[in-house]
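Read through the structure below, which is laid out as C-alpha cells, and then see the notes.
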Amino acid sequence: MADAEITPVTEWPDWNANPDGGDPLTQDLNASYDKGDLCWMLVCTILCWQITPAIGFFYAGLHRRKAALTMVLQSLFCACATGIQFWVYGYSLYQSRTTNPILGDLSLAGLHHVLAQPSLANSDIPDILYAAFGMTFVSCTAVILAGAMLERGRLLPSMIFLLCWTTFVYYILAYWEWNPSGWLYQLGLYDFAGSGPVHIASGFGALAWSLMLGPRLSDNGTPAPKKIVSHKPHSPLLMCLGTVFIWFGWFAFNGASGANLTIRSVYVVVNTNLSACGGGVGWVLLDYIYKRKFSLAGFCAGIIAGLVGITPAAGYVPVYVASLIGVVTAVCCFYAAKYKHLLSVDDGLDIFALHGVGGFVGDILTGIFATKTIPALDGVSGASYAGGWWDGNFKQVGYQLAGALTCAAWSFFVSCILLFVINKIPGLHIRASEEHELRGLDHKYLEDECVHGLGCLSRAGSGMATPAQQVAPPVLPVTQEAKTD
C-alpha cells in the first residue's frame with residue numbers, strides 16, 4: 001500500500017475552522033516554521049524550568065537550617081502542581097482566543113487543540129511550544145511567592161493558597177498583559193517579560209502573606225520585638241549557587257520572551273546581563289558604605305534586583321542604560337529592605353523589596369528609557385512602537401504607572417481575601433503552632449530532617465543508624481494545637 005503524500009502547510013486555516021492547524025497524517029505542520037526559532041524556544045524553555053528549583057535553593061540558603069528543606073520541597077511542589085494546573089486550565093485562562101478584556105475561557109483546557117497553529121504571542125512559533133515556555137513562568141512565579149511562608153507557615157494551606165493565587169491573580173494579570181484582547185495589552189503597556197504578573201504580583205502577594213502570618217517568634221518563644229530581627233543565611237554557598245542558576249536561567253526567561261530568534265533576542269540577553277551586573281555592584285557598594293564590609297547576601301540580592309528591574313525593559317531600552325536600570329533598581333530595593341521594619345512586616349527573604357518594589361521601579365524605568373528602535377530589531381515591528389519618554393512619548397510613563405499600580409493592587413487585595421478565607425476553613429489555619437515553629441518546619445513535615453552539626457537523618461528505619469540518627473531533637477511541650485497541626 002502506497003504511503004499517502006505529505007504536503008507542506010503553506011497557509012494556516014482559520015483557527016475556528018481547524019484549531020490544530022491541519023492534519024499531521026497528510027500535512028507537514030512544520031514546514032512554515034523556522035527550525036532556528038523552534039530550537040531557540042525549546043532550549044530556553046528547558047533553561048527556564050530550572051529557575052524554579054534554583055529559587056528554592058536560593059531561599060533555602062537564606063533560611064535558618066530548621067526550615068530550609070521545607071523550602072526546597074515547596075519549590076518542587078510549585079514545579080509539579082502548577083504544571084498540572086497549567087495543563088488542566090491555566091493556559092486556557094490567559095491564551096484562549098477570546099475577545100473580552102478581562103479573562104479567557106476554558107476552550108483550551110487540557111491543552112485541547114493546542115498544537116501547530118501560530119501562537120498568539122508570535123506567529124513564528126506554534127501554540128504547543130509557547131505553552132511549554134509559558135508553563136515555566138507560572139511555576140517560577142509561584143515559588144517566588146512561596147518564600148513568604150518563611151519558617152512559620154503551614155505546608156498544606158500554603159499549597160492550597162498558591163494554587164488559588166495562580167488562578168485568581170497570576171492568570172488574570174497574564175491575560176490582561178499578554179493576551180491581545182487584554183485591557184492592559186490594548187492600553188499599550190510595555191512589559192517585555194512579565195514584570196507585572198511575575199514580579200509585582202508575587203512581591204505584593206508576599207507582602208499580604210507576611211502581614212496575614214504575622215512576625216516569627218524569637219528563639220525563646222516570645223513575640224518578636226518591634227524591630228524584627230534579621231537572621232544570617234544558614235548556607236551562603238547554597239544561596240550563591242541558587243543565585244547563579246537564577247541568573248543563568250534569566251537569560252532564557254528574558255531572551256525567549258520575544259518568542260523567536262532575532263537580533264532583538266541577542267540584545268535582550270546583553271541587557272539582562274548588564275543590568276544584573278549593575279544591580280550586584282550597586283547593592284554591594286551600599287552594603288560596604290553602611291557596614292564597611294562586603295556581603296555575599298547583598299551581592300546576591302543586588303543581582304536579583306537587577307534581573308527584576310530589566311525584566312519589563314529588556315526588549316525596549318538601549319544597551320547603554322541597562323546597567324543604570326540595574327543600579328537604580330538595586331538602590332530602591334536596598335532601601336526598601338533596609339526600612340521594611342517601618343511596615344512591621346516580617347518579610348525575611350525581602351520578596352516584597354526585591355520583586356514588588358523592584359518590579360514597580362522596572363516598569364517606570366521602562367516608560368522612561370524605552371525607544372522605538374530596539375523593538376524594530378526583530379525585523380517585523382518597524383515603527384509600530386512609539387517608545388517612551390526617551391523618544392518624546394511622555395504618556396508611556398503614565399501607562400507604565402497604571403499597569404504597575406493595577407498589578408500591585410489586584411495581587412495584594414486578592415491575596416488578602418484568599419488567605420482570610422483559607423484561614424477560616426477548619427484544619428487549614430495558615431500559621432504553624434508555636435512548638436512546630438520553634439522546633440522547625442523540617443521536623444514537622446520531613447523525614448529528611450537536618451540536625452545542626454550532624455547532617456541529615458531519616459526517620460524511616462534503615463538497619464544501621466548514623467550518628468545523626470542516634471540524636472533525638474530537643475523535646476518541647478506539645479499543646480493540643482500542635483497535636484492537630
Side-chain angles (χ1 to χ4, degrees), residues 59-60 62-68 70-71 73-74 142-162 164-165 169 201-234 336-357 408-409 411-445 476-485:
Y59 282 172
L62 289 170
H63 272 64
R64 285 180 287 178
R65 185 185 302 271
K66 63 182 182 179
T70 302
M71 193 63 245
L73 174 72
Q74 190 71 288
V143 77
I144 292 173
L145 175 60
M149 66 178 281
L150 181 65
E151 300 177 356
R152 65 202 188 280
R154 292 182 66 226
L155 198 57
L156 177 60
S158 75
M159 292 174 172
I160 293 173
F161 169 65
L162 287 170
C164 291
W165 186 90
V169 176
S202 61
F204 279 84
L207 176 64
W209 201 351
S210 299
L211 283 169
M212 297 289 282
L213 283 170
R216 286 168 289 173
L217 298 172
S218 61
D219 288 334
N220 61 8
T222 60
K226 186 173 182 181
K227 186 170 182 179
I228 296 166
V229 177
S230 297
H231 298 278
K232 288 185 177 295
H234 97 273
K338 183 175 178 62
Y339 294 107
K340 65 185 177 183
H341 64 274
L342 297 177
L343 298 176
S344 298
V345 175
D346 187 5
D347 180 18
L349 302 183
D350 291 328
I351 303 170
F352 171 67
L354 288 175
H355 297 274
V357 174
S411 179
F412 181 81
F413 289 112
V414 173
S415 297
C416 287
I417 293 170
L418 291 173
L419 288 163
F420 178 82
V421 171
I422 291 171
N423 194 48
K424 293 298 183 182
I425 299 173
L428 292 182
H429 49 283
I430 62 176
R431 175 133 189 178
S433 67
E434 178 179 326
E435 286 79 7
H436 293 144
E437 181 179 344
L438 292 175
R439 190 188 296 267
L441 298 182
D442 288 358
H443 179 77
K444 164 63 178 173
Y445 294 116
L476 293 172
V478 179
T479 64
Q480 184 63 33
E481 179 189 4
K483 290 177 182 178
T484 59
D485 186 21

Pair D442, R65 - check side-chain contact (heavy atoms from CB on, under 4.5 Å), show working. CA-CA 9 Å; D442 288 358; R65 185 185 302 271; 5.9 Å; no
Do K444 and R439 have side-chain heavy atoms sitting under 4.5 Å apart? no
For the CG atom of L343 and the CG atom of L211, what is their distance to the nearest 0.5 Å? 7.5 Å
Qualifying residue for salt bridge (charged side-chain N to carboxylate O under 4.0 Å, His left out) with E437, from K66, R431, R152: R431
K340 with D347: basic N within carboxylate O range, under 4.0 Å: no
Flag the pair V357 / F352 as yes when at least one side-chain heavy-atom distance between them is below 4.5 Å, and no otherwise. yes
Residues forming a side-chain contact (heavy atoms from CB on, under 4.5 Å) with L156, sequence neighbours excluded: I160, L428
Nearest heavy-atom approach of A142 to L162 is O-CD2, 3.6 Å
With sequence neighbours excluded, what pairs up with A206 under the side-chain contact (heavy atoms from CB on, under 4.5 Å) test? L145, A148, I351
Just to verify, what does S210 make a side-chain hydrogen bond (donor to acceptor under 3.5 Å, both in side chains) with, not counting sequence neighbours? none
Using side-chain hydrogen bond (donor to acceptor under 3.5 Å, both in side chains) as the criterion, list what pairs up with Q74, not counting sequence neighbours. S158
When you compare the side chain of R64 with that of R216, does any pair of heavy atoms fall below 4.5 Å? yes
For G427 and R154, the nearest pair of non-hydrogen atoms, with its separation, is O-NH1, 3.1 Å
I'd like to know if the side chain of H63 and the backbone of T70 have a donor-acceptor N/O pair within less than 3.5 Å. no
Point-to-point distance, once rounded to the nearest 0.5 Å, from CG of L217 to CD of E435: 9.5 Å
Do F412 and V169 have side chains that approach each other closer than 4.5 Å (heavy atoms only, starting at C-beta)? no
Atom CG in L207, atom CE in M212: separation rounded to 0.5 Å? 11.5 Å
For the residue pair D350 and H355, establish whether any side-chain heavy-atom pair is separated by less than 4.5 Å. no
What one should report as the nearest heavy-atom pair of H436 and S433 is ND1-OG, 3.0 Å
If you apply the rule side-chain contact (heavy atoms from CB on, under 4.5 Å), what do you find for L155 with L73, and how did you get there? CA-CA 10 Å; L155 198 57; L73 174 72; 3.5 Å; yes
Which pairs of donor and acceptor atoms, one on a side chain in residues 413-424, lie under 3.5 Å apart (sequence neighbours left out)?
{"from": "S415", "atom 1": "OG", "to": "W165", "atom 2": "NE1", "distance (Å)": "3.0"}
{"from": "S415", "atom 1": "OG", "to": "S411", "atom 2": "O", "distance (Å)": "2.5"}
{"from": "N423", "atom 1": "OD1", "to": "I430", "atom 2": "N", "distance (Å)": "2.9"}

Separation of E151 CD from L438 CG (nearest 0.5 Å): 11.0 Å
ring-ring contact (aromatic ring centres under 6.0 Å, His included) involving Y59 - partner list, sequence neighbours excluded: none
